Every structure is written in C-alpha cells, then in structure tokens.
Amino acid sequence: MRMKTPFLCMMVTALLAWAPHEAGAQEAVVPAKDPDALFTSPDPVLNRNKQAAYHIVKDLLEADHWNEADRWLTAEYHQHNPLVASGRDNVVTFFTKVLKRTPKPVPEKMATPVVAVLAEGDLVTVVFPRVLKDPKDPSKTYTTTWFDMWRFKDGKADEHWDPASKDIPPGP
C-alpha cells in the first residue's frame with residue numbers, strides 16, 4: 001500500500017501541472033435545442049410528472065400565472081428553499097407579493113433554457129444553464145447550472161429542492 005501513495009502523489013502533481021492554468025477554464029453549459037421535448041416520457045406516470053414540471057416552469061416560473069398554482073402544486077407543497085416557507089400559499093405570496101411578479105402571456109413553447117430533465121419514480125429534476133459574473137472580474141461571465149427538483153403526488157408537485165441559499169436569489 002505504501003508504494004501506491006507516492007505514485008498517486010506523483011500522478012496528481014503531474015495532472016495539476018498539465019491542467020489549464022486559468023482557474024476559470026471550462027466548457028460552457030449549453031441548453032437543449034428543444035427544451036419542450038425533454039418533458040415527455042413513454043412511461044405514463046413519468047410523463048404526467050414531467051408535464052406537471054413543464055407547466056411549473058413555463059406557466060408559473062416563466063409566465064407568472066400564480067393564480068393557477070393549485071393546478072400544479074399541492075396545498076402542503078414542502079419547500080426546501082430557505083427563502084420561501086412551505087405551503088402553496090406561501091410560494092404564491094413570495095412570487096406575487098415579495099418579488100412582485102405579474103402574469104405575462106403563457107408562451108406556446110418554453111423560452112427558459114433547459115439542459116436536461118430527469119425523472120425517476122416520483123421525482124423530476126430540471127437542470128438549467130446559469131450565467132454568473134466572475135467574482136474576480138465582473139466584466140466577465142461564466143456558465144454553470146441550477147436545478148429544481150420536485151417530488152410529485154397525484155400529478156402535482158408536493159416537495160421542492162434547489163441549491164438556493166439565503167444570500168443567493170432563486171434561479172433560473
């Protein structure tokens with residue numbers, strides 16, 4: 001075992017020396033060409049859940065039709081985002097009163113860029129590209145990802161997760 005440790009250290013050192021010297025070097029996060037197509041599945045339950053996630057993104061988050069939240073969110077809607085309390089009414093209040101979002105026409109096709117939609121069991125995860133300012137040089141930006149994940153109950157989102165923290169506003 002001791003022979004492996006020096007070899008491993010040499011390999012890590014070699015990789016670090018070979019790696020790009022610019023800490024911000026990366027490939028850009030690229031959205032899917034047709035995000036609407038990602039929200040389907042041949043499995044009827046996964047398709048129902050993906051379609052509900054689609055309407056949450058397009059109708060609620062994109063077009064701000066929070067008056068229709070009861071179509072897509074349970075009344076209990078368990079929230080793991082630290083900026084918003086649990087309960088559908090609290091989420092609606094957050095978007096309409098705190099963020100002061102007002103309804104816009106629901107687009108025929110989703111305008112929000114999406115990288116991937118993953119569904120398994122009662123969970124659907126939507127991965128979004130996100131463009132952020134480089135903290136070392138605010139004149140530059142970089143891409144990363146944001147995600148929203150929902151647990152569905154009878155075709156409505158009952159629980160939600162995202163990477164938000166108290167000092168970062170919610171995405172996408």
Side-chain angles (χ1 to χ4, degrees), residues 5 8-39 50 52-66 69 72-73 77-107 109-120 123-151 157-172:
T5 303
L8 183 59
C9 288
M10 276 185 0
M11 290 304 296
V12 169
T13 303
L15 281 172
L16 289 173
W18 174 78
H21 293 281
E22 185 178 331
Q26 74 168 90
E27 290 189 30
V29 176
V30 179
K33 288 184 169 116
D34 182 9
D36 295 66
L38 301 174
F39 290 87
K50 280 184 156 190
Y54 175 76
H55 288 286
I56 291 168
V57 174
K58 187 173 82 136
D59 300 3
L60 301 183
L61 295 172
E62 189 174 308
D64 293 304
H65 282 244
W66 290 99
W72 312 113
L73 310 177
Y77 194 66
H78 304 280
Q79 181 62 271
H80 299 289
N81 178 313
L83 302 174
V84 186
S86 288
R88 180 179 59 224
D89 292 343
N90 291 322
V91 173
V92 170
T93 297
F94 177 76
F95 282 97
T96 60
K97 304 273 191 287
V98 177
L99 296 182
K100 299 185 186 318
R101 308 269 298 262
T102 57
K104 301 172 268 308
V106 176
K109 293 188 87 45
M110 180 183 295
T112 303
V114 175
V115 174
V117 178
L118 310 159
E120 181 71 31
L123 298 172
V124 175
T125 303
V126 180
V127 181
F128 305 94
R130 197 159 190 206
V131 178
L132 298 174
K133 289 200 180 291
D134 184 334
K136 293 179 182 169
D137 183 353
S139 69
K140 295 181 181 176
T141 61
Y142 68 96
T143 58
T144 188
T145 54
W146 179 272
F147 78 89
D148 281 292
M149 183 169 73
W150 295 276
R151 180 180 310 283
D158 187 59
E159 193 167 8
H160 170 259
W161 297 263
D162 64 27
S165 64
K166 288 189 177 194
D167 57 343
I168 299 174

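Note that the structure is a prediction, hence the values are computed from the model and not measured.
For Trp150, the side chain to side chain donor-acceptor pair (under 3.5 Å) partners at least two apart in sequence or on another chain are Tyr77. Applying the side chain to side chain donor-acceptor pair (under 3.5 Å) test to Thr141 and every residue at least two apart in sequence or in another chain returns nothing. In this view, Val115 and Val29, Val127, Pro129 satisfy the side chain to side chain contact (heavy atoms under 4.5 Å, CB included) rule, not counting sequence neighbours. Partners of Gln79 according to the side chain to side chain donor-acceptor pair (under 3.5 Å) rule, which considers only residues two or more places apart in sequence or in another chain, are His160. Annotation: ring-ring contact (aromatic ring centres under 6.0 Å, His included) contacts of His78 (sequence neighbours excluded): none. Taking Lys109 as the reference, Asp34, Asp36 meet the side chain to side chain contact (heavy atoms under 4.5 Å, CB included) condition, with sequence neighbours excluded. Under the salt bridge (Lys or Arg N to Asp or Glu O under 4.0 Å) criterion, Glu62 pairs with no residue at all, not counting sequence neighbours. Applying the ring-ring contact (aromatic ring centres under 6.0 Å, His included) rule to Phe147 yields no partners; only residues at least two apart in sequence or on another chain are considered. Remark: Pro103 engages His65 in a side chain to side chain contact (heavy atoms under 4.5 Å, CB included) (not counting sequence neighbours). For Asp64, the side chain to side chain donor-acceptor pair (under 3.5 Å) criterion is met by Trp66, Arg101, Lys104, not counting sequence neighbours.
Here the CZ-OG1 distance, from Arg130 to Thr143, works out to 12.5 Å after rounding to the nearest 0.5 Å. Atom OG of Ser139 and atom NZ of Lys133 lie 8.0 Å apart (nearest 0.5 Å). Separating the NZ atom in Lys140 from the CG atom in Leu132 is a distance of 15.5 Å, to the nearest 0.5 Å. Distance check: Ile56 CD1 to Asp148 CG gives 9.0 Å after rounding to the nearest 0.5 Å. Rounding to the nearest 0.5 Å places CG of Leu123 at 8.5 Å from CD of Glu159.
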Residues 92-99, side-chain donor-acceptor partners within the protein, below 3.5 Å, at least two apart:
unit_1	atom_1	unit_2	atom_2	d
Thr93	OG1	Asp89	O	2.9
Thr96	OG1	Val92	O	2.7

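Between Val84 and Asn90, the shortest heavy-atom contact is CG1-O, 4.1 Å. The minimum heavy-atom distance linking Val91 with Ala85 is given by the pair CG2-O, 4.2 Å. Closest heavy-atom contact between Ala52 and Trp72: CA-CE3, 3.9 Å. In plain terms, the two heavy atoms of Ala164 and Asn81 that are nearest each other are CB-ND2, 3.3 Å. In plain terms, the two heavy atoms of Phe39 and Ala53 that are nearest each other are CE2-C, 4.1 Å.
Between the side chain of Arg88 and the backbone N or O of Leu73, at least one donor-acceptor pair lies under 3.5 Å. When atom types are taken as modelled, the side chain of Lys50 and the backbone of Leu38 share a donor-acceptor pair closer than 3.5 angstrom.
The shortest side-chain heavy-atom distance between Lys58 and Thr112 does not fall under the 4.5 Å cut-off.
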Exercise. So Thr144 and Gln26, side chain to side chain donor-acceptor pair (under 3.5 Å) or not? Walk me through it.
Worked result: CA-CA 10 Å; Thr144 188; Gln26 74 168 90; over 6 Å; no

